[in-house]
Amino acid sequence: MDLLRRAMHGGDPPFTPIPGSFPEETTTIHDSRMEGNVEDTSSGHSSRRNRWNRKAILITLVRIPFVLLYYIMVWTIVILSLLKPLCNISGFYKKKNSRLSDPKSQLNNLLETLDHESQRTLNPSVQDVNTPTYTFESLYSLEHGSLAPDIVQGGYADLLNACSEQCKFAIIYLHDSLLDNSMQYVNELLCSEKFATLIKKYQVLLWFSEVTVSEGLQAANALKVRQFPFLGVLCLKAEKKIEVIGRLEGNLDKYGTNALENVLTKGHNKLVQIRQQRQNLALQRLIREQQDSRYSESLRRDQELARQRNAQRQAALEQERQELLRKQWLLWRKSILRPEPTSTGGSACRIAIRTDGGARIVRKFDSNLTIDEIYAYVELSMEGLLDSAEVNNSPPLGYEHHYRFLLLTPVPRKELDPGTTIGDEPAIYPSGNIVMEPLT
Amino acid sequence: MSMENPTGLYRYPVTKLCMVGTTMVTLVASIASCKYIFIAKYDPFISEYQQYFRLLTFQLGCVNETDMALLVLIWYQFRNLERLMGSLKYISVISLALIYTTVCLAGLNCLVNRILPWKIWNGLTTGCLPLVLALFHFYKEYTPQVYEFEVLLTQPWSQKSHRKQYKWILNDQFLVNALVAILLINQGVEGIICGFISWIIGVFLDKGLLPGMDRWRLPLMQHLLMPKDASNNQGVYENPGGETSEELLIRRDDREESPGASNGASPLDDENANDEPARPLGVQFLETFRT
């Protein structure tokens with residue numbers, strides 16, 4: 001339609017002018033152009049007008065059939081709308097249908113009507129052969145009927161969904177109140193003991209509707225019902241496909257007493273097969289899920305192990321690097337270690353150190369140095385670097401050395417701070433014992 | 001999901017009778033050149049010639065073939081009524097409505113023409129229009145609407161954004177409504193008058209103001225309509241526990257020749273029955289080149 005409209009308006013897409021826009025602008029541009037081309041206009045004007053004329057004629061010619069068609073249709077509608085009384089008649093019929101649109105209330109209404117009708121048509125004083133065992137209310141009342149849980153309270157589509165999901169039979173009863181023997185199915189079939197047993201035995205879903213409501217009519221048309229009342233048995237044929245496996249239409253007398261039972265028995269085998277297929281499918285799915293979960297579990301474990309291994313390797317590398325740096329530092333420290341003072345003058349301090357391994361080192365230290373010198377000496381001697389030929393002149397960058405032991409004076413027990421000058425520590429100056437304790 | 005009644009006239013004997021009857025009576029009358037008996041004009045046939053039989057025969061056949069065609073189409077649409085009421089009740093209601101409409105229309109026509117000096121309602125319609133209009137009430141009353149749709153008409157040239165739009169809502173019964181409207185208009189003022197009166201008769205009949213809906217049943221029709229219907233099934237269904245009994249009940253999609261189906265029961269009108277089986281795309285391509 002839009003295409004046609006565009007064709008008629010000369011190719012321009014239809015647009016709505018915004019209120020408050022500036023129409024003057026277009027005219028001024030137009031004016032300026034006009035002033036600039038004053039000489040040209042006189043010559044070009046006639047040709048442009050010719051072209052416009054042709055276009056207008058074409059547009060008019062294209063439009064004419066549409067306009068005629070439009071008027072014809074409008075006149076038709078106007079004339080038809082003059083038949084207002086008929087429209088009112090259709091409204092008269094519509095009122096009834098729109099009253100009960102909710103499927104649940106419709107079902108409730110139908111069941112109540114059926115109950116009343118059933119009570120009315122059955123004569124309790126006469127014990128006929130055909131008198132049903134149950135009353136309609138005791139079986140199908142939504143509140144306390146014994147078959148009420150099997151009744152699907154929804155539309156036809158709900159029934160089909162329930163039927164395919166739960167993999168059950170479904171029985172549809174379409175009531176037709178206009179028939180002479182409209183209650184025949186209710187009294188002779190639905191309320192019979194046989195039917196109730198069947199429903200319980202095969203766990204059949206039930207759906208009731210009336211043919212004078214929209215939903216019921218649609219179901220009847222879909223099932224191609226040609227006579228009422230109608231009772232149809234639906235069953236799953238394959239996955240997501242439902243078929244009618246049995247139908248009772250019209251007068252009930254022409255059907256055998258166990259026609260319905262035969263249908264259900266025959267369909268049951270098929271249904272069981274479908275159920276088994278479904279179970280198998282579900283089982284397969286379950287197995288696949290389990291396999292998947294196991295696989296993902298082992299994968300997770302492997303990844304964890306790989307990660308740990310990686311971390312260990314990293315830690316080892318880091319330790320190696322640290323050891324290297326430490327050694328370099330120690331070598332550098334050795335290079336700045338002061339030589340042992342030779343004289344036993346006032347500045348020398350004689351210290352005996354008992355190492356962790358039980359060895360005893362005796363050495364003199366310059367008392368002007370810090371205790372750190374003692375620490376360094378002990379460490380170097382422990383590592384056996386005092387006599388090595390390796391030399392390192394600069395400390396490694398970014399490395400901070402920590403001694404792996406403590407130096408203590410045994411009595412009184414006191415930790416020696418590396419920052420203190422030896423001369424200031426009365427426990428070891430001028431001479432003293434030091435015990436080495438490794439840091440765990 | 002099909003929204004229409006099952007097609008065809010299987011198990012609709014009364015509809016079949018009405019359709020064939022409407023056609024045959026008109027055609028036979030046309031061949032025998034006796035269509036004149038269906039024309040009931042008060043002046044001159046009743047007032048001058050006293051041909052009172054015309055008041056009884058005006059509904060039986062159509063003078064105009066267009067009316068006949070319309071009536072046949074409407075009868076076909078009314079097969080839903082036969083399904084609703086059952087054949088026996090349907091034909092009884094038809095006969096009852098025929099009697100009431102004939103009597104009421106003839107009586108009213110004579111009365112109006114006697115009382116009023118002007119000839120505003122000189123003639124009665126031809127064909128079973130009154131009967132159809134009486135049944136039209138039943139059809140509308142007991143057939144719920146299944147779906148509806150809108151027809152929109154916009155002006156093709158105006159560029160205004162909010163232009164005028166004609167909207168027309170139609171529902172699934174618009175075919176019957178249109179056929180009935182054409183039928184009414186086709187016979188002019190008489191058609192509309194007779195149609196309206198007949199429709200009122202239909203309403204009265206349904207509501208019980210005109211008696212007979214519940215009691216009146218044509219006596220012999222039971223035997224005429226039913227045995228044919230029952231004979232198809234009886235032999236098969238009354239075989240208790242027999243293997244063939246459920247064969248008929250089972251509608252086969254694959255159209256195998258089951259013993260019951262061959263017995264001439266229901267014509268299998270399954271939607272999917274004629275569908276060819278699903279073919280994958282590759283097969284479709286290959287079969288294109290196959291000679």
Side-chain angles (χ1 to χ4, degrees), chain A residues 1 4-5 8-9 14 16 63 66-67 69-70 73-74 77 80-81 83 86 89-90 92-94 96-97 156 176 178-181 211-218 220-222 224-228 233 237 243-251 253-259 262-263 266-267, chain B residues 1-6 10-12 80-81 83-89 137-138 140-147 151 153-157 159-161 166 168 171 173 177 180-181 184 196 199 214 217 226 229-230 233-234 237-242 245-246 249-251 253 266 269-271:
Chain A
M1 207 59 206
L4 284 176
R5 222 178 287 139
M8 270 182 286
H9 301 316
T16 48
R63 267 185 199 172
F66 285 99
V67 172
L69 189 67
Y70 174 77
M73 291 187 78
V74 164
I77 289 183
L80 281 171
S81 58
L83 302 168
L86 278 177
I89 287 168
S90 74
F92 168 72
Y93 290 117
K94 218 177 274 176
K96 188 174 72 90
N97 294 330
Y156 182 62
D176 181 6
L178 287 173
L179 287 173
D180 282 338
N181 54 352
V211 76
T212 45
V213 300
S214 187
E215 184 93 40
L217 185 69
Q218 283 180 49
N221 287 342
K224 303 218 181 288
V225 183
R226 285 177 180 270
Q227 279 182 324
F228 288 112
V233 186
K237 187 186 181 189
E243 68 170 346
V244 182
I245 57 166
R247 41 169 66 210
L248 309 180
E249 282 186 39
N251 199 349
D253 299 336
K254 64 188 176 193
Y255 296 99
T257 44
N258 44 9
N262 287 339
V263 169
K266 192 151 188 174
Chain B
M1 192 155 95
S2 166
M3 293 297 173
E4 299 301 321
N5 279 1
Y10 173 72
R11 284 191 177 169
Y12 296 138
N80 186 41
L81 271 182
R83 184 170 70 157
L84 275 173
M85 294 181 177
S87 296
L88 177 65
K89 188 176 176 184
H137 164 75
F138 287 94
K140 295 292 281 184
E141 178 76 16
Y142 296 114
T143 312
Q145 176 187 325
V146 176
Y147 61 87
V151 180
L153 199 61
T154 51
Q155 289 183 341
W157 64 87
Q159 283 195 341
K160 285 166 200 156
S161 57
Y166 284 95
W168 203 22
N171 61 14
Q173 294 174 4
N177 297 347
V180 168
L184 287 179
F196 182 71
W199 178 68
D214 300 327
R217 294 289 177 267
M226 292 304 147
D229 191 35
N233 307 322
Q234 243 170 3
Y237 283 119
E238 282 194 350
N239 182 6
S245 66
E246 69 262 31
L249 287 168
I250 294 164
R251 296 163 58 86
D253 272 359
S266 65
D269 41 11
D270 228 323
E271 278 173 347

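Numbered from 1 within each chain, the chains take letters A, B, ... in sequence-line order. In what follows, every heavy atom counts, from backbone to side chain, and hydrogens, waters and symmetry copies are set aside.
- With a 4.5 angstrom heavy-atom cutoff, A:Val74 touches chain B via backbone and side-chain atoms both.
- A pairwise comparison of heavy atoms in A:Asp176 and B:Met85 identifies OD2-N, 4.3 Å as the closest pair.
- Heavy atoms closer than 4.5 Å to chain A are found nowhere in B:Tyr147, neither backbone nor side chain.
- To the nearest 0.5 Å, atom CG of residue A:Leu178 and atom CZ of residue B:Arg83 are 12.0 Å apart.
- Residue contact with chain A, scored on non-hydrogen atoms closer than 4.5 Å, is absent for B:Asp214.
- Considering every non-hydrogen atom in both A:Gln227 and B:Arg11, the closest pair reads OE1-NH1, 3.5 Å.
- Across every non-hydrogen atom of B:Pro144 and A:Leu217, the tightest pair is O-CD2, 3.7 Å.
- To the nearest 0.5 angstrom, A:Leu179 atom CG is 10.5 Å from B:Leu88 atom CG.
- B:Glu4 CD to A:Lys224 NZ: the interatomic distance, rounded to the nearest 0.5 Å, is 9.5 Å.
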